[in-house]
Amino acid sequence: MPLPSRIIGHVDMDAFFASVERMDHPEWRDDPIIVCVYSGRTPDSGVVSSASYTARQLGIKAGMPIAGAQSLCPAGHFVPVHHERYSSLSGDIFSKLVGVGSIVEVASIDEAYVDLSSRVHGSWAEAEGTMRDFQSLIQKEFSLSCSVGLGPSKLVAKIASDFKKPGGFTSVPPEEVPRFLDPLPVKCLMGVGPKTEEELASHSIRTVAELRTTGLDVLVSSFGSAKGQHLFFSSRGMDDSPVIAHREPKQHSRIWTLAQDAGSYDPVSLGVYSNADALWEESAGNGQFFNQVGVVGISSRMGQSSKTKSLSLPCSSPEQFRAELDELFRLLFESADLPLRRIGIRVGSFSSAIKQRRLSDFLG
DNA sequence: CATCAGTAGATCG
DNA sequence: CTTAACTGATCTACTGATGG
């Protein structure tokens, strides 16, 4: 007997950062607001992190250079990100989701999934009512709008929440999944970005329907086994990944833009140390002892290179961490395309919970 | 072939 | 008139080596 179909909700805050800035600057009304990550290299170098809908109408999108956004919208309000502010609001908002369903997964600062199946006993009507109530609650209590999607899987729920924005509400019960997905562009699928979209287009695959009628063998031979299968099943709306309450990150990293391009390690080592200390706090400081250390560099011509080292024992002190980074950066500067414009550090391969407890007990 | 180490590539906001 | 502008964080696929 097949498992009963699940009912998953996906909540996506609309233009979250820009909406928060608008709330914090009521005099801006519906003026275009562009929230930016300033790299500090020049007064306006950096990229757009979030754009209000009036700014989006002018062609401004997340990820584009600030200079480009300024030329599209010279009169917009350009503000730096206030991450603490968004993060604390995000926590307040999504904690209200707990209680709506049995499990809540905060997927990012502005997105969360909720598994409603058991709470509504499989009733779509009840699930829809519950999520509409949640949507109004967020609007009322936070003056922020969100879009909501409902589907039998996380995959469909996420696409549904993106179907109509801002303030959208889209419910796709199991029997409507093919009709809903078929006309959509392949770009709507998770994991399909510009590169995959272009590769699919070269096979004349532009919609989910076209993807769905493509053989598994064709997809695997163009995209490899893992990605090919993922595309095959995604086009059918098939996704049995569970809503997970707490996902442990597999790695932590810091990457930053240098004030000046670097042709050697020495001029940037102090910056590495201060980022290393912050990353040490974020990982080992929270009991996540790491067995892998990596560094990365992005050259002034945007080429990327990296070095990684696996440790036989977890890194046990910030001093050792600095020393490992020194070693890796020396190697990187010998092999990379110089000079470097941006550099970064990364830790990963965290020890298991049991090892963590033993090691942290040992270290006091 | 299952796993690991190291690297580049891709995605998302 | 056309072009270029360009962060920060995370995850995953691919490749080659190694051991059962």
Side-chain angles (χ1 to χ4, degrees), chain A residues 12-20 34-52 55-56 59-72 80-81 83 86-87 90 107-111 158 162 165 186-200 220 222-231 247-258 261 275 278-279 282-283 291-312 328 331-332 335-337 341-350:
Chain A
D12 196 333
M13 300 304 298
D14 298 321
F16 184 47
F17 298 176
S19 301
V20 174
I34 301 101
V35 183
C36 303
V37 178
Y38 290 96
S39 70
R41 159 165 287 230
T42 66
D44 66 353
S45 72
V47 297
V48 173
S49 181
S50 172
S52 67
R56 289 179 196 199
I60 296 172
K61 294 196 291 268
M64 78 188 293
I66 294 166
Q70 281 172 334
S71 74
L72 288 171
V81 288
H83 226 274
Y86 317 140
S87 186
S90 169
S108 74
I109 195 166
D110 66 346
E111 280 177 52
K158 181 171 167 68
D162 198 49
K165 286 179 129 294
V186 290
K187 184 83 163 56
C188 77
L189 298 173
M190 240 193 304
V192 177
K195 300 287 182 179
T196 308
E197 182 183 31
E198 192 178 347
E199 174 74 14
L200 286 167
V220 167
S222 321
F223 295 97
S225 167
K227 188 143 194 166
Q229 292 188 56
H230 181 256
L231 290 169
R247 285 196 323 120
E248 292 301 323
K250 297 178 174 169
Q251 59 179 234
H252 293 295
S253 61
R254 285 279 191 286
I255 184 166
W256 63 98
T257 300
L258 302 168
D261 289 356
N275 279 285
L279 195 54
E282 184 180 332
S283 48
N291 294 64
Q292 203 171 64
V293 179
V295 302
V296 62
I298 291 113
S299 79
S300 57
R301 294 184 304 188
M302 296 294 168
Q304 191 158 328
S305 52
S306 62
K307 294 289 171 196
T308 308
K309 182 180 175 184
S310 294
L311 309 173
S312 51
L328 287 165
L331 290 170
L332 185 72
S335 60
D337 173 33
R341 177 190 176 91
R342 308 169 61 207
I343 58 175
I345 63 181
R346 173 173 43 84
V347 299
S349 183
F350 300 119

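In the text below, chain A, chain B and the rest are named by the order of the sequence lines, each starting its count at 1.
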Query raised in the report: Who passes side chain to side chain donor-acceptor pair (under 3.5 Å) against A:Ser52, sequence neighbours left out?
Result: A:Thr54
Query raised in the report: Do A:Ser50 and A:Tyr86 come within less than 4.5 Å of each other through their side chains, counting heavy atoms only?
Result: no
Query raised in the report: Would a 4.5 Å heavy-atom cut-off, applied to side chains only, mark A:Ile109 and A:His83 as touching?
Result: yes
Contact summary for [X] and [Y], nearest pair of heavy atoms:
X: A:Asp337; Y: A:Ser299; value: O-CB, 3.0 Å
X: A:Val186; Y: A:Glu197; value: CG2-CG, 4.4 Å
X: A:Ser19; Y: A:Asp14; value: OG-O, 2.8 Å

For [X], answer base if it contacts any base atom (sugar-phosphate contacts may also be present), sugar-phosphate if it contacts only those atoms, and nothing otherwise; contact means non-hydrogen atoms under 4.0 Å.
X: A:Lys61; value: nothing
X: A:Ser253; value: base
X: A:Met302; value: sugar-phosphate
X: A:Glu111; value: sugar-phosphate
X: A:Gly224; value: sugar-phosphate
X: A:Phe223; value: sugar-phosphate
X: A:Ser45; value: sugar-phosphate
X: A:Gly191; value: sugar-phosphate
X: A:Arg254; value: sugar-phosphate
X: A:Ser305; value: sugar-phosphate

Report summary line: Outermost contacting nts on DNA chain C, any atom under 4.0 Å from chain A heavy atoms, listed 5' then 3', are C:dA5 to C:dC14
Query - Earlier contact from the 5' end, DNA chain C, for A:Thr42 and A:Glu282 - result: A:Thr42
Query raised in the report: Is the shortest side-chain N to carboxylate O distance from A:Asp261 to A:Arg301 below 4.0 Å?
Result: no
Query raised in the report: Between A:His252 and A:Phe350, is the ring centre distance below 6.0 Å?
Result: yes
Query raised in the report: Is there a side-chain polar atom (N or O) of A:Ser50 under 4.0 Å from OP1 or OP2 of B:dG13?
Result: no
**Report entry** Short side-chain N/O contact from A:Lys195 to OP1 or OP2 of B:dT11, under 4.0 Å
**Finding:** no
**Report entry** Nearest-0.5 Å distance that lies between atom CG in A:Leu331 and atom OG in A:Ser306
**Finding:** 11.5 Å
Query raised in the report: Given Watson-Crick or G-U pairs with both distances under 3.5 Å, what dot-bracket string fits DNA chain C, with | for other-strand pairs and [ ] for crossing?
Result: .......||||||||||||.
